[in-house]
2 protein chains.
Amino acid sequence: MKTRDKIIDCAIHLFNEKGTAAVSTNHIAAAAKISPGNLYYHFRNKEDIIFAIFEQMDVRGTSQYQSVIDSYPSGTMESLEHTFLMIQKFNWRYRFFKRELTPLVMNTPLLKERFHITNTQTKEMIRFAIDNGIASETIKPLDASTKNHLVDAMWLVALFWLNYLEVGGEEVDDNTLRRGNSVLHTILGPYLTNNF
Amino acid sequence: MKTRDKIIDCAIHLFNEKGTAAVSTNHIAAAAKISPGNLYYHFRNKEDIIFAIFEQMDVRGTSQYQSVIDSYPSGTMESLEHTFLMIQKFNWRYRFFKRELTPLVMNTPLLKERFHITNTQTKEMIRFAIDNGIASETIKPLDASTKNHLVDAMWLVALFWLNYLEVGGEEVDDNTLRRGNSVLHTILGPYLTNNF
DNA sequence: GTCTATAAGCGGATAGAC
DNA sequence: GTCTATCCGCTTATAGAC
């Protein structure tokens with residue numbers, strides 16, 4: 001394994017354990033069993049490492065999303081559920097990032113810019129899925145503003161469900177993740193054609 | 001103004017501007033125009049200050065909630081809307097706390113314990129409001145799990161709407177806060193008796 | 001690419017005078 | 001209650017040898 005990747009792996013692990021603020025570049029170097037100087041050969045600073053982690057997340061996330069919609073066509077309830085669970089497992093893997101999402105995005109200009117792109121794309125995908133649902137008569141026709149609010153509601157739940165569980169002192173496991181899915185279904189359900 | 005309160009005020013302001021990690025006790029002391037030593041006379045450390053801020057939030061929040069439900073009986077749509085907007089304005093005032101909610105709650109045992117109480121109480125209030133809505137036939141009868149999921153959905157939106165706006169690069173103003181209200185209405189609307 | 005050594009600075013925290 | 005002075009430890013970051 002390349003040193004650069006080893007650094008990223010150890011950083012993810014430590015950040016998930018203790019949060020980015022409590023983890024120094026020295027800690028990361030020690031965990032990766034390299035010298036502090038070596039770490040600075042590969043990265044300019046901690047921010048740079050965090051940004052590299054974000055890029056990894058972004059690339060892997062896109063490819064995972066692709067494999068879900070290859071298996072379950074967009075706009076079906078199956079694809080919705082599998083996408084949601086995929087996102088949650090993903091968020092868990094990089095959980096420090098979602099926990100500190102707002103400060104990280106706000107205080108790092110580069111990250112802000114890049115996250116904004118991903119964020120916008122994701123909302124467009126949700127909108128696209130809803131449109132497909134309407135076209136295939138899974139979802140009832142919606143006026144524009146209701147559709148916008150549903151996109152917001154669904155993306156909000158997907159982004160923050162993990163945080164919601166953690167601040168509530170709940171375990172993150174299959175049960176609680178599935179409950180997130182049920183919450184999503186409670187929101188979307190009344191807008192489905194065959195809900196009752 | 002008492003020194004202790006001056007420290008708390010300056011700390012809130014600085015934390016909101018730069019986040020808790022970037023603000024040292026020295027910065028707070030300088031902003032409050034007192035010596036670093038004096039700060040340590042009033043608080044054991046930074047964590048202690050954050051906890052004091054949480055207590056202030058908690059006390060003021062409870063009293064504000066009281067004045068809302070004194071004006072608008074629990075279970076009406078007016079009370080829901082006013083409560084939501086009140087919470088958002090409140091979250092904005094202590095916005096650093098909501099931005100860093102998960103790390104703060106997870107890494108501070110004392111805060112974890114206290115937040116858990118508030119969190120549980122709030123969910124009970126939402127449930128109480130829904131029950132009142134059902135009793136007064138504003139809300140259709142709900143089975144137990146749907147009710148649970150609605151409580152989760154509504155509290156999730158109330159807790160994280162500000163974060164949702166900020167990570168999306170949106171301004172926090174009357175417009176976007178009202179949009180949060182609309183999202184809530186899109187979620188709850190189909191469960192109302194007179195929605196359409 | 002990787003190491004050792006180290007500079008420079010900051011943050012947390014305390015002692016002791018007033 | 002408030003100040004000044006100060007100590008320790010840690011973190012970031014770089015220089016230079018291998």
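Please read these numbers as outputs of a predicted model, since none were measured by experiment. We name chains A, B, ... by the order of the sequence lines, and we start the count at 1 in each one.
Aromatic ring pairs are classed by plane angle as parallel below 30°, tilted from 30° to 60° and perpendicular above 60°; the pair A:Y72 and A:H82 is parallel. Using a 30° and 60° split on the angle between ring planes, B:Y164 and A:F160 fall in the perpendicular class, above 60°.
For A:I34 and C:dC3, the CD1 to P distance is 7 Å, given to the nearest whole Å. Between A:Y40 atom OH and C:dA8 atom P the separation is 17 Å, expressed in whole Å. Summarising the geometry, the separation between NE2 on B:H27 and C1' on C:dA13 is reported as 16 Å, rounded to the nearest angstrom. Note: CG (A:N38) to P (C:dG1) measures 10 Å, nearest angstrom. In this structure, B:I28 atom CD1 and C:dA13 atom P are separated by 12 Å, rounded to whole Å.
The phosphate of C:dG12 (OP1 or OP2) has a side-chain N or O of B:T25 nearer than 4.0 angstrom.
Checked against C:dC3, D:dT11, D:dT4, the side chain of A:N26 finds its nearest nucleotide in D:dT11. For B:T3, the side-chain atoms get nearest to D:dT2 when compared with the rest of C:dT2, D:dT2, C:dA13. With C:dA13, C:dG12, D:dT12 as the candidates, the nucleotide lying closest to the side chain of A:K46 is D:dT12.
A donor-acceptor contact shorter than 3.5 Å links the side chain of B:T193 to the backbone of B:T138.
Remark: B:E170 engages B:R179 in a salt bridge, criterion side-chain N to carboxylate O under 4.0 Å.
Residue contacts for A:S24: at a heavy-atom cut-off of 4.0 Å it reaches the sugar-phosphate backbone alone, with no base atom in range. As judged by a 4.0 angstrom heavy-atom cut-off over every strand, A:S35 is placed among the base-contacting residues.
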